[in-house]
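Computed over heavy atoms, backbone and side chain alike; hydrogens, waters and symmetry mates excluded.
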Amino acid sequence: IMRLAEVDEVRDVVVLNQGYALGDRTFGHAKACRFAERDRDFALWAHMWTSGRWASMLEAGQPVPVLPFYALVFPFSMEQVKTVSEVWAAKFGSYVLREALPAPFPNTFLQEFMGEVPSRRLRIGYISSDVYRVHPVGKSINACLRSHDADRFEVHAFLLVGSQLEELEDLEDGTGGVLLTDLSILSSAEGALAVNEEGIHVLIDLNGHTSGVRMELLAYNPAPVIMHYMGFGATTGAEYIHYFLGDTAVAPPELAAHYTEKMAYVGASFYVNSYRTDTAAQRLQQPEYFAGGGTPGPAFRAARANNSLPGPEGVVLCNFNHLHKTSRAQWALWAQILRLTEAEARGETVLWTLNDNAVTRANIARELAYHGVNATAMLRYAGHEKIREHLQRHALADLFLDIRDYNGGTTGLDAYWADVPILTAPQEKFSARYGASFNRGAGLDGVMTARNSADYVDVARQLLRRRARLRRIRAALYAAKNAS
């Protein structure tokens, strides 16, 4: 006969497994754009939390059955996202008990640096599974590492995934003097010792709660200052990560209570991009699609035709994010814009998305039909391409329509590199405010950042009714990009 405590333990395990199963099933629906099923299962999943079924886990400080990434994809509140991050960070932090250090790190490096002669270089370490991989973080950050002033900074990259050493061979500019340490073959304690032995003053985590994370390594406090940047679109919830690097558009001071870290703000936009500083930058420049005054030329017409898009007189809206970020509400907004633009434009109007799955296409077609939009006529699908080819086709679009609840990060910057303006309507979450940050960085926040969903539709309508104005915005974006 089971004791009462054992019954409670079995019940908790059942509830935990139910939660994980519902989360995975909800994400499966999201990937397939089965929106009715997605909303139904999310409601069941979220009710497990709000009804108190996870109360014992929360009281014990144990992770609830919500993966941190799922907390960003689905409409959990910012406070719930913070809770998810905190309990997972605490779990990772507890791993240090499995492999204790002989003694805590004294971490006197920063005091020594501050007290020495000004010529002393600051040692910065970036720790990540993705710096030199074909990954959004890798695409954005590796040139940043090479761009530090070598007279003032000594830059280290601590690699959590060893395959990055192989992918480094594809970088035409190499590492630019960045010092590499492979941590993938070391235990977490050994990795922390390796970081500490380099005397790192500031250690910058580029993972957060993403694939390849080894947050327990940070829990050893191997550097006097530990900061999170870029990798995860919310607080890490880790008491051992001291700062969160952002800007006041993506993480407004009034929302700072939803972060466990202290905010460290940079100027207009916090996000970096590597395209300009690559040796291959000239090949990344867009073809000469536009003649004097921004008028589409013959090459533009031909390229659109090759991609099954309308001619220059038509309207091409786009979003190349993964469609699991979308929702029924988002497709309703896009359908409204498509209907209004089609009614007022002189030519054909289409929405161009990244989708090579027949099942997903059929589900989207049904969703749009509900809103009076013929998907066969008004949707175009793109497959995956290498970055150079993707940026070249991206320039064929007129306007990038950001996803309201989970903005494009690197995908959004791809649009800007292709001189395609981003229309966004920021929400509270960090991951729903990238577009606002990018627009401010380009000086377009007063034009391209909508106040709410209704304004999002209205701004799109006004821009597409006045194509000359949209071309002027593209020209301003081009100028801002080249001056940055």
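- Here I241 contributes atom CD1 and T236 contributes atom OG1; the two are 3.5 Å apart, rounded to the nearest 0.5 Å.
- How far NZ of K82 is from OH of Y259: 11.0 Å, rounded to the nearest 0.5 Å.
- Atoms NE2 and CG, from H242 and L203 in turn, are 10.0 Å apart once rounded to the nearest 0.5 Å.
- The aromatic rings of W45 and F74 sit perpendicular to each other, their planes meeting at more than 60°, with 30° as the lower class boundary.
- In this structure, R393 forms a cation-pi arrangement with F320, its terminal cationic atom sitting closer than 6.0 Å to the ring centre and no more than 45° off the ring axis.
- Taken from OG1 in T260 to NE2 in H258, the straight-line distance is 12.5 Å, to the nearest 0.5 Å.
- Counting heavy atoms from C-beta on, the side chains of P253 and M263 never come closer than 4.5 Å.
- Not less than 6.0 angstrom separates the ring centroid of Y220 from the ring centroid of F105.
- The closest side-chain donor-acceptor pair between S85 and T235, if any, does not fall under 3.5 angstrom.
- A donor-acceptor pair shorter than 3.5 Å cannot be found between the side chains of D247 and Y271.
- Remark: H156 NE2 to E198 CD distance equals 5.0 Å, nearest 0.5 Å.
- Between the side chains of R38 and H29, no donor-acceptor pair is found at a separation under 3.5 Å.
- Classified by interplanar angle (parallel below 30°, tilted 30° to 60°, perpendicular above 60°), the ring pair Y434/F430 is perpendicular.
- Atom-to-atom distance recorded for Q330:CD and N321:CG is 10.0 Å, nearest 0.5 angstrom.
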**OP:** Apply the test ring pair (Phe, Tyr, Trp, His ring centres under 6.0 Å) to residues F76 and F42: give CA-CA distance (whole Å), side-chain angles for both, the deciding distance (0.1 Å), then the verdict.
**Re:** CA-CA 10 Å; F76 290 101; F42 175 74; 5.1 Å; yes
